[in-house]
Protein chains: 2
Amino acid sequence: MPGTPANSYVVQPVEKALGVLAYVVECGQVVSLKSVSQALGIPKTTAFRYLQTLTRAGFLEHHTDRDRYSVGPRLRAMARTDSSITRARELAHPVLVALTQEYQCTVNLAVKGDGSVVYLDVIDSLQGFRTKARSGDANPLHSTALGKAILAHMPQPEARDYLSRPLMERTGRTLIERAELERQLRQIAQSGYAIETGENEDGAMCVGAPILDDQGYPLVAISIAVPLARMSTSHAMVAGRKISEMAARISRSLGSGPSMPTVPAAVAAGGVSQRTAPAG
Amino acid sequence: MPGTPANSYVVQPVEKALGVLAYVVECGQVVSLKSVSQALGIPKTTAFRYLQTLTRAGFLEHHTDRDRYSVGPRLRAMARTDSSITRARELAHPVLVALTQEYQCTVNLAVKGDGSVVYLDVIDSLQGFRTKARSGDANPLHSTALGKAILAHMPQPEARDYLSRPLMERTGRTLIERAELERQLRQIAQSGYAIETGENEDGAMCVGAPILDDQGYPLVAISIAVPLARMSTSHAMVAGRKISEMAARISRSLGSGPSMPTVPAAVAAGGVSQRTAPAG
DNA sequence: ACCGCGGTTTCATGTTGCGAAATCGGGGCG
DNA sequence: CGCCCCGATTTCGCAACATGAAACCGCGGT
């Protein structure tokens, strides 16, 4: 059965299941096993298994009453995450450019990605200082201004989980003691910006602030990176306030309820914040 | 290695690949093969194949420069489709209720789904007439007011494709002759509403109109269903104009450019319309 | 009570997904 | 200038596992 030359490294079950997923979505999301099987020309047993698998993974939802499938919560969540990030990048871009010009330094926009920040946009100043990080690189959460800004605005359980893991020591200044780090995070949650003094890369100081999505979750963060020697703490604080304000403006554009300026998560010693109420 | 009892009908490659997909999205969409492999604990060969498959299917995008993966156009398209339909349903609901009350009859909201309309919402009047269709059911495009309204506003190539297939004869009145049907579709495209006189179910007359998404594509349609005997053609035309107007208002809320009231597709004998210019 | 249609379960089969290891490629450092 | 190392591809043989025909079940209609 030569048929398709199977040119490449395509895993057939995956490919077909994705076809099923796409079909369900395109079909306006109320689909029976039979129609999937017929429309895509795959035996119903197989279609059944794919629907089952997709449902279990939360990509589809199974309405047992009429035995129909529709798009599931996981897919919706993914869509929202993606569009939030995309919008945040778009909104942030002019801000990043402005920051580069003002401080003559590298500015970063990064997303949170399991235990790390991943740089999406890195804009270098023409003449100024440059850091090692390039778009696509990843760094620990606890050793960067970006990451600390995110950590400080994260729901408590998630932050706690991260902090309970061993923290990599990137430079001699990296904060690896949990109590110390948590103290700083609380302060960041209050002030709305994070300062990092060579904790990730020797000689580089960063000042960053989080951008919150419509649920108040710190999806991305922006920062400036300057030579450690060039900026005093008080200057950094001024910059921090400014950056924090810019980030907050973007958060507001993303729909992060007008009720929360910049103090959602870890503020107040043991304050607990939930991204989504456990209401289900 | 008992581990998971694999209780059920889950296809492992699919499950794992969905995990990879979710990871890429959650990670803020700039991910290397290695991080996927490490984070999910699957050998890199396998991760590679999944990424490859997901990319080929358009669910991911592969940035060859830095060898990173991010969310692909297909996933974005799915997300938009879903959210459009969801919004359309929400916006349409009060309209449906109003129509039920006004006409004392069943009203429908259906989506287009490969060669058929699938009923999403069916609201019955308390006392009045009821049709067979229930939420989740499907009917042919050419035999229902809903379907004809959609067909008439569909991009020409897609409509042509459908019409070139054999058309099922649901009742004695079903239009199965292509020329005749096309003539009617052109008229529907102009007037903005479709009338069906017992062509899908004996004794039931329907009047329907399409709701266009932000691309001008007829994603869903709404209709009322009354006993064939109860409504004259002239009454139906009045109702049609009203329904068409309501549908157009919803289309506008969905962002269907303010430049097109109700006449996008098949209008004017051979007019051609493209959903998306073939530029891609 | 019968019939038929869709969904679920079973089961034997061989296709095909898997992952260790070898290969390639490129960027950084000496 | 060339070596080295890391990460992405490719190869390849094995048996795990996806597959789909067929049997089974439950329901809704007649």
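Proteins get letters first, then strands, A, B, ... in listed order; numbering begins at 1 in each. Below, each value reflects all heavy atoms present in this structure, side chains not excepted, and no hydrogens, waters or symmetry copies.
What separates CD of Q12(A) from P of dT15(C) is a distance of 12 Å, to the nearest Å. The CZ-P distance, from R66(A) to dG6(C), rounds to 12 Å in whole Å. Taking atom CZ of residue R68(A) and atom C1' of nucleotide dG7(C), one finds them 11 Å apart after rounding to whole Å. In this structure, Y69(A) places its OH atom 15 Å from P of dG6(C), rounding to the nearest Å.
Each of K34(B) and Q52(B) was assigned the nucleotide of DNA chain D with the nearest heavy atom; the assignment lying further toward the 5' end belongs to K34(B). Along DNA chain C, the nucleotide closest to F48(A) and the one closest to V11(A) are compared, and the more 5′ of them pairs with F48(A).
Closest heavy-atom contact between I150(A) and P218(A): O-CG, 3.5 Å. Among all heavy-atom pairs drawn from R74(A) and A22(B), the shortest one is NH2-CB, 3.4 Å. What you find for E158(B) and M154(B) is that their closest heavy atoms are OE1-CG, 3.7 Å.
Between Y9(A) and dG19(C) there is no side-chain polar atom (N or O) within less than 4.0 angstrom of OP1 or OP2. Residue T46(B) has a polar side-chain atom (N or O) positioned under 4.0 Å from OP1 or OP2 of dG19(C).
Between Y162(A) and H142(A), the ring planes are tilted. Angles from 30° to 60° get that label.
Side-chain contact check for T86(B) and S83(B): no donor-acceptor pair (N or O, by modelled atom type) lies under 3.5 Å. With 3.5 Å as the limit, one finds no donor-acceptor pair spanning the side chains of T144(A) and N139(A). Side-chain contact annotation: N200(B) with R173(B), donor-acceptor N/O pair under 3.5 Å absent. Looking only at atom types and distance, the side chain of S84(B) has no donor-acceptor partner in the side chain of T81(B) under 3.5 Å away.
Enclosure of atom NE2 in H63(B) by more than 12 non-hydrogen atoms of other residues, nucleotides or ligands within 6.0 angstrom is indicated.
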For this session: Apply salt bridge (Lys or Arg N to Asp or Glu O under 4.0 Å) to the pair K112(A) and E26(B), showing each step before the final yes or no.
Result: CA-CA 8 Å; K112(A) 193 213 66 138; E26(B) 281 159 19; over 6 Å; no
Could you list the protein-to-nucleotides 20-23 of chain C atom pairs, N/O on both sides, closer than 3.5 Å?
residue, atom, partner, partner atom, Å
dA20(C), N6, T45(B), OG1, 3.2

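Going from atom CG of L109(B) over to atom OG of S223(B) covers 9.0 Å, rounded to the nearest 0.5 Å.
Fit an axis to the five pairs at each end of the helix from dA1(C)-dT30(D) to dG30(C)-dC1(D) and the two axes sit 40° apart, to the nearest 10 degrees.
With a heavy-atom cut-off of 4.0 Å to chain A, the contacted part of DNA chain D has its first and last nucleotide at dT10(D) to dA22(D).
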